[in-house]
Amino acid sequence: MTKGSDLLVAALEHEGVERIFGVPGEENLDVVESLRNSKIQLVLTRHEQAAAFMAATHGRLTGKPGVCIATLGPGALNFSTGAAYAHLGAMPMLMITGQKAIMSSRQARFQIVDVIASMKPLTKLTRQIVSAASIPTLVRDAFRVAMEERPGPVHLELPEDIAGEEVEDVPMVPIHPIEIPVAHRAALDRAAEIILRAERPLIMLGAAASRPRSTFGLAGFVRRTGIPYFNTQMGKGTVPGGTNSTWERLHCLSAITCMKPSTRPI
Amino acid sequence: MHEAVDKADLIIAIGHDTIEKPPFIMGPKGPKVIHVSYSPANVEQVYFPDAEVVGDVGPSLELLADRVEGKLPNAAALLSLREGILGRITDRATESRWPPTPQRIVHDVRKVIPADGIVALDNGMYKIWFARNYRTFVANTLLLDNALATMGAGLPSAMMASILYPKRRVMAVCGDGGFMMNSQEMETAVRLKLNLVVLILDDGAYGMIRWKQAVDDFPDFGLKFGNPDFVKYAESYGAKGARVETLDDLIPTLEAAFTSGGVHLIAVPIDYSENMRVLVDELRSRMPAAAST
């Protein structure tokens with residue numbers, strides 16, 4: 001037999017999670033106890049918003065979701081800005097929040113906020129966990145959704161009675177790599193035709209060029225075409241080599257400022 | 001840079017995500033745009049590409065380069081603009097005015113951060129200056145948020161970078177407004193024994209909004225505040241604090257902070273009068289045609 005919170009922590013370990021950032025509450029105490037017996041480090045922050053910013057930045061820098069934890073109501077709502085930060089910034093992140101028991105309700109509506117609904121516009125996926133046995137599947141799916149293009153935040157709500165629920169041991173879902181398809185030949189031919197006709201071409205490197213998986217291929221394209229490039233604010237640095245290759249330095253025009261060429265800034 | 005965009009007849013937009021403020025505006029007269037990314041382009045009033053190459057970006061670009069390599073006599077047509085653009089970036093970068101200009105601060109920060117060092121920005125006026133003037137050599141070494149553009153993420157994002165890359169220099173650059181929104185995390189940073197330098201650009205105001213207020217010809221009202229003594233504030237957390245009082249002290253103070261390790265809070269005043277001159281007046285005079293859009 002195993003309990004819900006142990007399954008959650010085992011599923012996170014299975015995904016290679018090393019740290020969880022956050023501010024636990026009473027409704028997370030089973031999870032905290034399971035973390036105590038795991039290899040995962042619990043990193044306390046002094047506000048849930050900071051924990052979410054840290055988890056999102058983990059996703060941004062590594063391509064693997066950062067994980068953060070908070071309690072129900074006030075804790076969960078303090079994740080909101082971090083969720084939006086990850087959602088707009090395409091940073092993979094998993095937020096875990098507690099909730100009062102769902103099979104009984106001894107405290108009536110005390111502290112209960114519909115967190116799932118509040119997370120809906122701020123995440124790629126938000127789910128309440130309603131049985132301990134479903135945890136390995138839900139965690140695997142949450143990681144898949146968070147990492148898949150376009151990456152972003154996902155949210156799982158673990159009510160305290162489900163965290164404490166004892167069930168038969170449940171196996172983890174095996175993880176395999178997923179390769180993204182390469183562009184269709186027709187699309188490449190059409191794009192090539194336009195590039196061959198261009199008289200004053202420019203390359204722009206945008207936010208998605210900064211993804212850890214993207215850097216491969218960018219510098220090669222710039223070098224092989226000889227077309228000058230510039231970056232958006234979030235695409236800065238994506239063509240590496242500036243330290244030892246004068247070529248990239250010579251072809252980088254600049255990062256643009258984000259000002260509309262108009263009489264007043266937008 | 002707007003100059004180059006204005007003259008281009010084709011922009012190959014790699015990985016553009018329209019959550020960023022529009023880097024260029026498409027109109028009925030062009031330029032032509034090819035969108036290369038993991039997913040199709042969102043259709044926007046200012047972004048509606050002529051062709052799309054959708055798929056894994058790296059391998060797709062290799063196949064695209066195979067088709068055009070060696071057949072592009074006009075490839076470098078716009079390269080001649082480079083000198084002018086870089087000249088404007090380095091303009092006033094070493095000026096010794098006090099309080100320092102944003103250009104000077106960007107210049108001095110770049111001097112103490114090696115190529116693989118990471119600068120994590122909060123949100124404020126200085127973000128535009130770093131985006132414009134801070135040259136990057138490695139992906140994800142200037143962490144800025146041009147998507148939600150929230151205040152308060154500078155310190156936490158720098159802390160995460162410091163945890164992941166303990167051997168690289170990591171600096172948070174925050175305004176006094178954004179820093180104070182999550183400054184309690186100084187305790188977390190000290191408890192985790194991180195190596196981290198937090199540079200606070202102190203203008204005693206929500207400076208970007210105050211600037212926009214001025215650009216829009218509103219009177220100066222309602223956006224100034226007071227600050228704690230940042231040196232004592234740092235020390236109360238068990239971090240080290242310093243206030244830069246002269247221009248010559250900026251680089252040595254930053255350098256000493258990185259050398260000694262631990263968490264450092266360094267406050268420096270900033271002169272934002274350059275905002276109007278460079279970001280409004282100069283842009284307007286260089287781009288008279290665009291000024292009416």
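Below, read A as the first sequence line, B as the second, and so on, with proteins coming before strands; counting in each chain starts at 1.
- Only the side chain of A:R150 comes within contact range of chain B, judged by heavy atoms closer than 4.5 Å.
- The side-chain heavy atoms of A:F221 and B:I14, taken from C-beta on, include a pair separated by under 4.5 Å.
- Of the atoms belonging to B:N182, it is side-chain heavy atoms, and not backbone ones, that fall under 4.5 Å from chain A.
- Ranked by heavy-atom pairs shorter than 4.5 Å toward chain B, the options A:E149, A:R211, A:R190, A:E193 are led by A:E149.
- Using a 4.5 Å cut-off between heavy atoms, B:S157 contacts chain A through both its backbone and its side chain.
- The residue among B:P59, B:A77, B:A149, B:A120 with the most heavy atom pairs within less than 4.5 Å of chain A is B:P59.
- Residue contact with chain B, scored on non-hydrogen atoms closer than 4.5 Å, involves the backbone of A:P181 exclusively.
- Residue A:E148 does not touch chain B at all, counting heavy-atom pairs closer than 4.5 Å.
- Under a 4.0 Å N-O distance rule, the pair B:E187/A:R46 qualifies as a salt bridge.
- Most heavy-atom pairs under 4.5 Å with chain B, from the set A:A208, A:G235, A:A187: that is A:A208.
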Mind running side-chain contact (heavy atoms from CB on, under 4.5 Å) on B:K7 and A:L202 for me, showing each step along the way? CA-CA 9 Å; B:K7 290 190 174 139; A:L202 265 187; over 6 Å; no
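- With chain A as the partner, the residue from B:L155, B:V53, B:I118, B:L142 showing the most heavy-atom pairs under 4.5 Å is B:V53.
- Atom-to-atom distance recorded for A:F53:CZ and B:L148:CG is 7.0 Å, nearest 0.5 angstrom.
- Between B:D9 and A:R197 there is no salt bridge, since no side-chain N of the basic residue sits under 4.0 Å from a carboxylate O of the acidic one.
- A distance-only check finds no donor-acceptor pair linking the side chain of A:R224 to the backbone of B:G70 [under 3.5 Å].
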Test side-chain contact (heavy atoms from CB on, under 4.5 Å) applied to A:R60 and B:M160, step by step: CA-CA 10 Å; A:R60 178 183 196 175; B:M160 189 69 242; over 6 Å; no
